[in-house]
Amino acid sequence: MKLKASADPEAADAAPEKKVSSETPQSPFERVLDEVGGEGRYQILLLFAYLLPLSFYSPFGSSSLLLMMTTPDHSCSVPGRPSDFIGEEEWRNMTIPWEDGADGKRRLSQCHMYNMTYTDAPKAGTSLYSIDNSTITRCEHGWDYDQSRWTETSVSFFDLVCDDASSVTTIFSLAVAGNALGTLLLSVLSDRIGRRPVFFLTVLINFIFGLLNMFVPTKELFAAARFLTCLAFFSIYQMPYIIVVELSSGHLRGLTATLSFVVGTVGMCCVPFLAWVLAHWRSFGIACHAPSILFLLYWWYLPESPRWLLSMGRVEECEAIMKKVAATNGRALPPNLRELLEEARADEKKTASMKDFLRHSSLRKHLAITSICIVIFCVVYSGIMLNLHNMAGSELVNFLVLSVVEVPGNVVGGLSAHYFGRRLTSGLTLAITAVFSGLASTAITDRWLLVTFCGLAKVFVTAAVLVVYMQIGELFPTALRSLSYGTTTVVGLSATVFVPALVSVGASDRKLPYYILCGLCIFGAAVSTLLPETLGRPLPQTVHQANRIGQDQSFWSITTHWTRQKYAPIGETAGKAARNGAPNVAAETGI
C-alpha cells in the first residue's frame, strides 16, 4: 500500500518543506564534530594506528581455542610389543579391534583394546603379554596420538578422549559462557567507568589469563582459566571501536566498519597458518595471547569516548579532546565550543531503558523476533565452525576455508539487502543455508564435498547475520538502538553455550549436527518473514515512529530497490540514510 505523506510522521519528517530538509538533523555534538573535523588526520590515525591492528589481532585470541582443542586421531597405547619382530602397525592390528566410526567407515577403535594377560615366561620372539581376541576392554595404558599435524594439543596433553571426551564440550561451553558474561558485565562497566579503562582491563585479562591458560597442570584449571580469558574477547575490540566511530563523521564510520571487518577476516585467515607453523598448543597459545600486552602502549594516546564524557558531565575533558582533534585536523575551533558542548551534555543525558520496549507492542514484537533470529544465527554460525572437528581432513584447512568465505558472505548480504530488501534477503539466505546444511549431511565421507557444502552454508548464514543487524538498526529508534543491539547480542551469545553439546553428538553420528542446523535455519527463515521491510524508510528517531513501522505493510508485500518509492516516500534525507544504512547503522551502534 502506498503511504500518504499526511498520515505518516516519518514521511512528514522527510518532506523537503524546511530549508534544512536536505540535511539530517544534527545533534549538538555532531555540530561540534563538523567544526573540528570528523574525517581528518586525527580520525585516520585512530583508525589505522589503533582500531585496525586490534581488528587483525582479535581473531587470534577468540579463535585460538578452536584449534588448540583439536582431537588428534588416537588409539589405545598397548605395551609389550616385541620391537624386533613386530612393527607398530602390525601390533595395533593385533591388539586393537575394528569398529564402525562416526562417519560409517571401519577403523581401529579409539577407545578399546583386546584384553592382555601378562606372561611370566614368554616364548622366544613373543610378547610378555598374551592377547585374548575374544575379550575387549577400555584403554588401560593411555593413548597413542597421531602427531602428523600437531606435536601436541590440549586434548592430547590432558587426555580428553573416550570416557573424558565430554570435558571438551564442557570447556567450549565455559568459554562461550565467559564470552557472554564478559560482554554483559564489561558493557555495563564501560557505562560506569568509561570505554578507555575497560579496554585496558580487557587487555590485561586477555594477557594474564591467556598465558596462564597455557601452563596450568589440570583440565579443571585449564577450563577455569579459559573462562576468565574469554571474558575479554568481545570487549577488547568493541571499546576502541566505539571510541573511533564516536569521533568520526558518518562517511568515515561506514569506511571504519568495512575496513575493520576486512582486516579482521585477514587476521582470522592467518590463525591456521600460525598453528601450522608452531604445531604445539602451548607455543601457539602463547603466540596468540602474548602480543596483546603491546596494546597497553595505547594508554598514552587512546582518548576516552567524548560522548561518554559528556554523559558523565565531564565537559572540560571532552573540550580538551575536541581541541586536540581540531589542532590535528588543522581546523579552527568554533567560538561557542563550550556552549555547544554544554548543550550536547544535556542531549546525551536523554537515555532510554528496557521499559520502553515493554510499553509498545511493535517494539516488543520486533525485539523478540530479532532476538530469536540472532540466537539461530549464533548457533548455526558457531555450529558450523565448531563442527570442523567432526569434519574429515585437516582442521587447519577447514578453518581457513570457513574463514575466507565470510568475505563473499557479507558481499552477498549487503548487495542483496540493498537491491531485494532486508526481509526477503533474510528469509532466502537462511533457506539456502538450510539447503546446504542438509546437503552436508549427505557428504560425511567425502571431505572436500563436505567442506564445500559447509563453506556455502557459512556464506549465506554470514549474509543473514549482516542483514539482521541492518534490521535491528532500522527497526529501533536512536535512543534504543544501542540497547537493542546489546540485548540481542547477549541473548545470542548466551545461546551458543549449548553449541558444544550440539557438536558433541557428531562424535557418534556426524550427520545429526547438520540435521539440527538445517531445522534451525528453516525455523529462522519462517520467523524472519514476520519482521517488516525497512528498505528505503528513514531511520526512526522516536519511539512513536519505530512503533509504527510495519503497520502499513501486508505480510505478502515485497519491497525492492526498484519499487521502494511506491511504498515509502523518500526525501533527500531519507534516501541518503537508506542508501548508506548498512555501514552507518553498524558504525553508529558499535556492532
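Every heavy atom of this structure was used, including side-chain atoms; hydrogens, water molecules and symmetry mates were not. On a predicted model such as this, the values are computed, not experimentally measured, just so you know.
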Look at atom CZ of R41 and say whether more than 12 heavy atoms of other residues, nucleotides or ligands are closer to it than 6.0 Å.
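Counting other residues, nucleotides and ligands, CZ of R41 stays at 12 neighbours or fewer.
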Step through the shown structure and confirm whether more than 12 heavy atoms of other residues, nucleotides or ligands are within 6.0 Å of CD on E339.
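Not more than 12 within 6.0 Å, no.
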State the [atom1]-[atom2] distance between [X] and [Y], to the nearest 0.5 angstrom.
X    : Y    : atom1 : atom2 : answer
F199 : L296 : CZ    : CG    : 8.0 Å
L47  : Y42  : CG    : OH    : 13.0 Å
R226 : M214 : CZ    : CE    : 5.5 Å

Between S58 and L54, is there a donor-acceptor pair closer than 3.5 Å when you use the side chain of the first and the backbone of the second?
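Checking the backbone N and O of L54 against the side chain of S58, a donor-acceptor pair under 3.5 Å is found.
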Keeping R196 on the side-chain end and L302 on the backbone end, is there a donor-acceptor pair under 3.5 Å?
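Checking the backbone N and O of L302 against the side chain of R196, a donor-acceptor pair under 3.5 Å is found.
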The single option from L204, L231, L228 passing side-chain contact (heavy atoms from CB on, under 4.5 Å) against F209:
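Looking at L204, L231, L228, the match for F209 under the side-chain contact (heavy atoms from CB on, under 4.5 Å) is L228.
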How about [X] and [Y]: are their ring centres within less than 6.0 Å of each other?
X    : Y    : value
F60  : F56  : yes
F222 : W281 : yes
Y298 : F200 : no

side-chain hydrogen bond (donor to acceptor under 3.5 Å, both in side chains) partners of R364, counting only residues at least two apart:
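Expected list: none.
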Just wondering, do S190 and M239 contact through their side chains at under 4.5 Å, heavy atoms?
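The answer is yes; the side chains approach within 4.5 Å.
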Do the side chains of E35 and R331 get close enough for a salt bridge, i.e. N-O under 4.0 angstrom?
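Answer for the salt bridge query: no.
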Side-chain donor-acceptor distances from residues 169-179 under 3.5 Å, at least two apart:
residue: T170; atom: OG1; partner: S166; partner atom: O; Å: 3.2
residue: S173; atom: OG; partner: T169; partner atom: O; Å: 3.0
residue: S173; atom: OG; partner: V497; partner atom: O; Å: 3.0

